[in-house]
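In what follows, a single structure is set out as C-alpha cells and then discussed.
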Amino acid sequence: MSEFIPTFDAEKIEKKWQEIWYNGDYFKAADFSEKEKYYALVEYPYPSGIGMHVGHIRAFLSMEVISRKRRMEGKNVLFPIGFDAFGLPTENYAIQTQIHPRIITDRNIATFKSQLRSAGFSFDFSRIVDTTDPEYYKWTQWIFLKMFEHRLAYKDIAYVNYCPSCKVILSNEESQGGKCDRCDSNVVQMEKTVWFLKITEYADRLLEGLNELESNNRIRTEQEKWIGKSKGAYIHFPVADSDASLKVFTTRPDTIYGATFMVIAPEHPLLETFHNRIQNIKEVHRYQEQAKMKSEFERIELAKDKTGVKLEGLYAVNPLTGENIPIFISDYVMITYGTGAIMAVPAHDTRDYEFATKFGLDILEVIQGGDITKEAYTDIEGGILVNSPVINGLQVKDAINTIIEYLVDHNIGEAATQFKMKDWAFNRQRYWGEPIPIIYCDDCGIVPVPYEDLPVELPMVEKFMPTDTGESPLANIEEFVNCTCPKCGKSAKRETDTMPQWAGSSWYFLRYMDPHNKERFASEELLNYWNRVDWYNGGMEHVTRHLIYSRFWNQFLYDIGEVPFQEPYKKRTAQGLILGEDNEKMSKSRGKVINPNDIISEFGADTLRTYVLFISDYEMSTPWNESGVKGARRFLDKVWRLFPNVVRSKTTYTKALEKAIHQTIDGVTSDIENLKFNTAIAKLMTLTNEFGKAEAISLKDYETLIRLLYPIAPHICEELWNQLGHDDLLVFEPYPIADPKKMVDEEVTVVISINGKVKDKVEVDANITNQELQDVAVKRERIQSLIQGQVIVKVIVVPKKLVNIVVK
RNA sequence: GCGGUUGUGGCGGAAUGGUAGACGCGCUGUCUUCAGGCGGCAGUGUCCUAGUGACGUGUGGGUUCAACUCCCAUCAACCGCACCA
C-alpha cells in the first residue's frame with residue numbers, strides 16, 4: 001500500500017487503473033458462464049475524423065453505469081462496442097485528400113478507441129466489430145442473399161435525387177430543400193432501377209412486436225407512426241362505358257354516398273389506358289409534366305394550394321348510386337400510397353373540401369353533425385349517416401362495418417389495410433459500402449453470388465471517385481465489374497451499387513455475441529446463450545429507421561431459423577441531446593463542439609463522467625455549461641478528502657449516519673435503474689456532505705459510498721478502494737443493498753397548516769397516532785392564537801407529513 | 001396541419017396530490033492567506049411595514065381541506081411526421 005496523497009491526482013490514477021483494467025480481462029464477457037447473462041447495448045458510433053464528442057459520452061454512459069453495476073450484482077455482462085464505418089463522410093474526405101478510405105477508417109477507429117479508453121469505458125474491447133471489415137460484411141452480404149433467396153430483395157424503378165451539375169445521385173440528406181449539398185444547383189428526380197427490401201411484408205409484425213419492446217411513449221409512437229397502419233376498404237368504381245374499374249382505398253367507406261368526384265395521381269396508369277377517350281389529353285399531359293418537374297420538396301411546400309385537371313369525357317360510376325361522377329388528376333394524390341386513386345368526399349375530408357371549393361364541385365352531406373357550408377366535417381364520434389340508403393341512421397363505426405359487408409356481398413369492394421411505410425430502397429451509388437453480391441448474366445439474368453464465394457470484396461483501388469453518369473464508382477473498375485456467371489460460366493458483370501449505411505447496423509448486435517466466428521454470422525449456441533439485448537440505449541433520431549430496420553432483419557432471420565428470438569431488444573431508451581452553451585445545436589461547422597479530451601486533461605475522466613450524468617435528466621436535451629464541470633470535480637475532491645477521517649478499525653455503520661446511508665443506497669439504486677443519474681449523484685453529494693460534517697466515519701460508511709459511486713466515477717473509487725488495503729479490484733465487489741428497516745425515521749417533522757397554508761412545524765415521534773398528532777397540533781400555542789375566535793370545520797391528518805386545520 | 005415532449009430562481013435542474021426551489025453552478029459577506037487560488041462558515045425566488053409577513057411553478061379557469069403535480073382551455077419552445085385518402 002502506497003502512502004495516501006492528500007490531493008486527488010486524476011491524471012495519474014486514471015492512467016494507472018485504465019492500464020490495469022484494459023490489460024487484464026476485467027470487462028470481457030464470458031461465453032457460457034454460469035452467471036446470469038446481461039446484454040447492455042449502445043449504438044455503435046460512426047468513426048468520423050473529429051473523433052468523439054460529449055454527445056457520444058452521454059449516449060454511452062447510461063449503459064456504462066448499468067454494466068458496471070450489473071457486474072457488481074454478479075451478472076455476466078456483455079457490453080460491446082464497434083464501428084459503423086462505411087459511409088459518405090469518410091468517402092468524401094478520401095476524395096478530398098486522396099487518401100484511401102480504408103486508411104482513413106483505420107486511423108479514425110484507432111483514435112476513437114483510445115478516446116473511449118481515456119474516458120474509462122468498460123467495453124469488452126475484444127469484441128469490436130467494424131462493418132468495413134470483409135470478415136464482417138461477408139455476413140451482411142450473406143443476409144442480403146438470404147433475403148434475395150426468399151424474394152424479399154427485388155429490383156424496381158425508383159425516383160432518385162440527381163444533381164445534373166455534379167452528375168451524382170444524392171441522398172435525401174444531401175439534397176435538402178431541393179438543392180445539391182455541394183454545388184447548390186437544383187436537384188431533379190431521375191428514374192433508376194434500384195434494389196428494394198420488402199420490409200412492407202413485415203409491417204404488421206413490426207407493429208405487433210412493439211408489445212415486446214419496453215420503451216417510453218415517444219419511442220413507441222414514433223415507430224407506430226412510421227409504420228402507419230390504417231384500416232379501411234378497397235372499392236371498385238366502374239369507368240363509365242367500359243369494362244374497366246377504378247380501385248380506390250378509403251378509410252371511410254361509410255361516406256361513399258358523398259363521393260362526388262374521383263381523383264387520381266398524375267402517374268396513374270388509367271391515363272394511359274384511356275388515352276384515346278380523354279378529350280383534353282394534351283392538357284393532362286402538361287399537368288403530368290409539371291408534376292414530374294416538381295421535386296419532393298416543392299410538392300410538400302406547395303401543399304396548401306390544390307391544383308388539378310378534369311379528365312374530359314371520362315367518368316366513373318358510383319357503384320351505390322349508379323351516378324356518373326367526374327375524374328380529376330391532381331398531385332395531392334400520391335401514386336405511392338394506397339391505389340394512387342381516391343373517391344373524393346368533400347363534405348367529410350378537408351383536402352377534398354379544398355379541392356371541391358376551388359373547382360366548384362358538389363359537396364354532399366352524408367353525415368350530420370357539422371356545418372358543411374363552412375368546412376368539412378371529419379369527426380367520427382358524434383355523426384349520424386344521412387342521404388345514404390343502405391346505412392342511414394347509423395353511427396360512423398357501425399356504418400363502416402355495415403357498408404363493408406354490403407360491398408363484399410355485391411362484389412364491389414372489400415376490407416383492406418394500408419401502411420405508410422414503403423419498401424426499403426437498398427442501394428447507393430458509392431464506393432465506400434458493402435458491394436451487393438449479385439451478378440448480371442446475359443443468358444441467366446440476375447444471379448446471386450454463391451454463398452461460398454462471399455465476401456465480394458471491395459477492390460483496393462485508387463479510383464474511388466464518383467463517375468459522371470450517376471453510376472457507382474465501382475462501375476469504372478473493370479477488374480471488379482467483369483466476372484464469370486456462376487451458373488453458366490460465361491462472362492458476366494457484377495452489380496456495382498453498394499448497400500446503404502443502414503445495412504451493417506441492422507444486425508451488428510448479433511455479431512457481438514460471437515464476433516470472430518468464421519463459419520457463421522454467430523453460432524447458434526452463443527445466440528442462445530446471450531439471447532436478446534436486455535437494454536438498448538441510443539439516439540432518438542434512430543428510433544424509426546435503424547430500430548425498425550434491425551428489428552426487420554432479426555425477424556427475417558428468425559423466420560428462416562437462423563436466430564432463436566423474434567424481437568431483438570427487450571428495452572429501448574434514448575438520451576437527450578447536449579446542446580451548445582448558447583442552447584443551439586452543437587455543430588461542427590460553427591466550431592461549437594465540446595471536445596471531451598479537453599475536459600479529461602483538465603479535470604479527469606471521472607469528473608467528465610460525473611458532470612455529463614449530473615447535467616440534467618438523462619432523457620432531456622440540455623445546454624452544456626463549462627463552469628458546471630468544476631462542481632463535479634469539487635464533489636470528487638470532497639470524497640477524496642474524506643479518506644483521512646476514516647476509522648479503519650470500525651467496521652460497522654456509524655449510528656448517526658446509518659439511516660442516511662440506507663436511504664441513499666435505496667435512492668441511488670432506483671434512480672440509476674430509472675436513468676435518473678442526476679438525482680442519484682445529488683444523493684451521493686448529500687451523503688458526502690454529511691460524512692464531511694461527521695467527526696469520523698467508519699470503514700463501512702466509506703466503503704459503501706465508494707461502491708455506490710463506482711459505476712459513475714470508477715477510477716477514483718478503484719484507487720480509494722486500493723488505498724484502503726484491498727488487493728482485489730472493485731469491479732466485482734458486491735453492490736450495496738439497503739435495509740428498509742433501517743431507513744425509517746424515529747422522529748419526524750410535521751407541518752401544521754391552517755386552510756392549507758403552512759403556519760407551524762413540530763417534531764413528533766414517528767409512531768404517534770393520528771388522534772395524538774391532531775391534538776398536539778391544535779394545542780400549539782401559535783396555532784391557538786391564529787385560530788382564536790374561529791370554528792374548526794375539519795382537521796386532516798397525514799401521518800408523518802402534516803396536519804391541516806380547516807377553520808371558518 | 002397532425003402526433004409527441006417540455007414550460008419552476010441569474011443558470012443547469014429537484015419535488016408517490018401534502019414544507020416549492022433538493023443537489024450543483026454563479027453571486028454576496030466572512031474566516032484562513034502577503035496575495036491569488038483552494039478550502040471553511042453564513043446568505044442568496046419576488047415584494048414589503050423585514051415577520052414562523054404577503055405573493056410565487058408560461059397564461060386563464062376548474063376539482064380538492066390541500067395543486068408544479070389531476071381536469072378543461074390557451075400560449076410558447078423543441079422533436080417527429082407531413083396532401084397517407
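Letters go in sequence order (proteins before strands), and every chain restarts at 1. In this text the structure is predicted, and so the values were computed from the model without any measurement.
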Between the protein and nucleotides 3-7 of chain B, list every N/O to N/O distance that falls short of 3.5 Å.
unit_1 : atom_1 : unit_2   : atom_2 : d
B/G4   : O3'    : A/Asn217 : ND2    : 3.2
B/U5   : OP1    : A/Asn217 : ND2    : 3.2

Is A/Met540 touching bases, backbone alone, or none of the nucleic acid, heavy atoms closer than 4.0 Å? nothing

Between the protein and nucleotides 61-68 of chain B, list the N/O to N/O atom pairs that are separated by less than 3.5 angstrom.
unit_1 : atom_1 : unit_2   : atom_2 : d
B/C65  : OP1    : A/Lys794 : NZ     : 3.4
B/C65  : O2'    : A/Asn804 : ND2    : 3.2
B/C65  : O2     : A/Asn804 : ND2    : 2.6

Name the nucleic acid region contacted by A/Ser230, choosing base, sugar-phosphate or nothing; use a 4.0 angstrom heavy-atom cut-off, strictly under. sugar-phosphate

Once you apply a heavy-atom cut-off of 4.0 Å, does A/Asp352 come out as touching a base, just sugar-phosphate, or nothing? nothing

What does A/Thr544 touch in the nucleic acid at a heavy-atom separation under 4.0 angstrom: a base, only the sugar-phosphate, or nothing? nothing

Is the number of heavy atoms from other residues, nucleotides or ligands under 6.0 Å of A/Glu11 CD greater than 12? no

Atom NZ of A/Lys420 and atom P of B/C2 are separated, to the nearest Å, by 13 Å

Determine whether the aromatic ring centres of A/Phe355 and A/Phe261 lie less than 6.0 Å apart. yes

Given A/Arg58, which partner from the list A/Leu577, A/Ile578, A/Leu613 fulfils the side chain to side chain contact (heavy atoms under 4.5 Å, CB included) test? A/Ile578

Could you pull out the protein-nucleic contacts involving nucleotides 50-58 of chain B (nitrogen or oxygen on both sides, under 3.5 Å)?
unit_1 : atom_1 : unit_2   : atom_2 : d
B/U52  : O2'    : A/Arg782 : NE     : 3.0
B/U52  : O2'    : A/Arg782 : NH1    : 3.2
B/U52  : O2'    : A/Arg782 : NH2    : 2.3
B/U52  : O2     : A/Lys759 : O      : 2.8
B/U52  : O2     : A/Arg782 : NE     : 2.9
B/A54  : OP1    : A/Lys759 : NZ     : 3.2

Under a 3.5 Å cutoff, is there a donor and acceptor pairing between the side chains of A/Ser62 and A/Tyr618? yes

